[in-house]
Amino acid sequence: KHHLKTKFWFAATLLLCIVLGIASYAFTSSPKKFNKTMPMTPPTDNYEKDWQTVVALENEGRTLDAEKAVNAINEKATAQNNIPQQVKALLHIYKYRTYKEENSQQNIVNELKQKIATSQPPLQPLLQNILAGVYWQHFQNNRWQILNRTEAPTGAAEDFETWDANRLTLEITNLYLESLKNTNALQNISLAGYSAILNEEAGSKQLRPSLYDLLAHNTLDYFTNDQANITKAADQFELNQPEAFAEAANFSGFAFANTD
């Protein structure tokens with residue numbers, strides 16, 4: 001039952017990643033530069049008929065046929081350099097794999113990490129943001145188990161489901177920050193063509209008009225959550241007042257405020 005529950009949350013997380021917030025890879029290298037041939041305004045083709053076919057097949061319970069249709073969409077989107085449709089197709093493909101493969105979660109994460117390492121922006125930062133979201137959801141769903149783990153030595157197993165809290169939050173933090181590295185270029189990419197991977201609300205594109213705004217909003221959601229630094233108290237006491245280093249008489253008479 002636990003295995004089925006794990007597969008369910010992972011598939012659900014991938015689906016949530018499709019609606020990006022309106023829904024270990026090394027970080028030592030400098031951020032990749034945008035390909036000059038890559039359009040700053042993405043294609044407007046929303047592949048509506050293609051996705052209608054996928055939905056119809058899924059409704060009929062024909063998952064394998066739906067997967068084949070999504071693979072065809074992915075090939076078409078890759079050939080046309082349609083980044084939003086590539087991302088949408090990729091996440092659907094991963095969703096199907098969770099239904100039929102053992103250890104699919106780790107295999108999918110490994111594949112995402114490989115794609116991040118070999119992709120160019122804007123696909124790369126989108127995938128970094130998505131992988132950070134998958135890790136973050138895993139942490140929230142299994143926080144007590146993760147917090148009770150001892151810190152693993154450097155270079156320990158790459159199975160993210162065995163990571164301790166420090167390793168997991170470090171990976172999440174790095175991925176979110178890396179996804180924002182190409183700030184200026186991301187700010188020049190309009191969300192106008194990204195409806196395929198957005199759960200849009202009225203006026204949302206006025207508030208977050210660029211791809212950078214979208215990725216930054218997801219990143220901000222993480223960093224403003226107390227659990228993002230769960231290995232420390234949300235209001236951790238720090239002895240940094242001048243009175244802490246005063247003479248004994250002054251020290252003993254000072255009331256140090258602490259809400260922790």
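The basis for the numbers below is simple: all heavy atoms, side chains too, and nothing from hydrogens, waters or symmetry mates. Since we're looking at a predicted model, the values are computed, not measured.
Remark: side-chain polar atoms of N188 are paired, donor with acceptor, to backbone N or O of N184 under 3.5 angstrom. Looking at N148, its side chain never comes within 3.5 Å of a backbone N or O of Q145 through a donor-acceptor pair.
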Next on the checklist: Checking Y47 against K88 for the side chain to side chain contact (heavy atoms under 4.5 Å, CB included) test, could you report, in this order, the C-alpha distance in whole Å, the side-chain angles of both residues, the deciding distance, and whether it holds?
Outcome noted: CA-CA 11 Å; Y47 293 39; K88 183 175 180 178; over 6 Å; no
Item to check | Verdict with reasoning, L90 to L127, per side chain to side chain contact (heavy atoms under 4.5 Å, CB included) | outcome: CA-CA 10 Å; L90 186 64; L127 296 181; 3.9 Å; yes
Item to check | Working for side chain to side chain contact (heavy atoms under 4.5 Å, CB included), residues I189 and Y212 | outcome: CA-CA 8 Å; I189 299 179; Y212 178 84; over 6 Å; no
Item to check | CA sep, side-chain torsions, deciding dist, call: L214, Y194, side chain to side chain contact (heavy atoms under 4.5 Å, CB included) | outcome: CA-CA 10 Å; L214 174 66; Y194 279 77; 5.9 Å; no
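I93 is not connected to L64 by any chain of hydrophobic side-chain contacts under 4.5 Å among Ile, Leu, Val, Met, Phe, Trp and Tyr, and they are in different clusters. Put simply, V55 and I73 are part of two different groups of oily side chains (I, L, V, M, F, W, Y) that touch within less than 4.5 Å, one to the next. L131 and F223 end up in the same hydrophobic cluster when Ile, Leu, Val, Met, Phe, Trp and Tyr side chains are linked at under 4.5 Å. Under the 4.5 Å side-chain heavy-atom criterion for ILVMFWY residues, a single connected hydrophobic cluster contains both I172 and L177. Both V70 and Y99 are part of a single hydrophobic cluster, where members link through side-chain heavy atoms under 4.5 Å apart.
If you take CG on N129 and CD on E178, they are separated by 12.0 Å, rounding to the nearest 0.5 Å. We find the OG1-OH distance between T169 and Y135 to be 12.5 Å, quoted to the nearest 0.5 Å. Note that CG of N142 is 9.5 Å distant from CD of Q137, once rounded to the nearest 0.5 Å. We find the CG-CZ distance between L168 and R143 to be 12.5 Å, quoted to the nearest 0.5 Å. Between the CD atom in Q105 and the CD1 atom in I108 there is a gap of 7.0 Å [rounded to 0.5 Å]. We find the CG-OG1 distance between L175 and T219 to be 10.0 Å, quoted to the nearest 0.5 Å.
Between P125 and L186, some side-chain heavy-atom pair lies under the 4.5 Å cut-off. Counting only heavy atoms from C-beta outward, the side chains of L211 and L191 approach each other to under 4.5 Å. The shortest side-chain heavy-atom distance between W163 and I146 does not fall under the 4.5 Å cut-off.
The aromatic rings of H138 and F160 sit perpendicular to each other, their planes meeting at more than 60°, with 30° as the lower class boundary. Taking the six-membered ring where tryptophan is involved, the planes of W136 and F139 are essentially parallel, since the angle between them stays under 30° and well short of 60°.
Across all their heavy atoms, V54 and A69 have their closest contact at CG2-CB, 3.9 Å. Residues Y222 and T173 approach most closely at OH-OG1, 3.4 Å, considering heavy atoms. Taking all atoms of both residues into account, the shortest heavy-atom contact from S119 to Q124 is O-NE2, 3.7 Å. Considering all non-hydrogen atoms of both residues, Q85 and A196 come closest at NE2-CB, 3.4 Å. Contact detail for A165 and L147: the closest heavy-atom pair is CB-CD2, 3.8 Å. Closest approach of P84 to G193, counting heavy atoms only: CG-O, 3.4 Å.
Between the side chains of T53 and D50, no donor N or O sits under 3.5 Å from an acceptor N or O. One side chain, Q106 or N110, offers a donor N or O that lies under 3.5 Å from an acceptor on the other.
Under the side-chain hydrogen bond (donor to acceptor under 3.5 Å, both in side chains) rule, E67 has a single partner from R97, H92, K95, K100, which is K100. For the pairing with I197, the side chain to side chain contact (heavy atoms under 4.5 Å, CB included) check across I83, L126, L91, I130 returns one residue only, L126.
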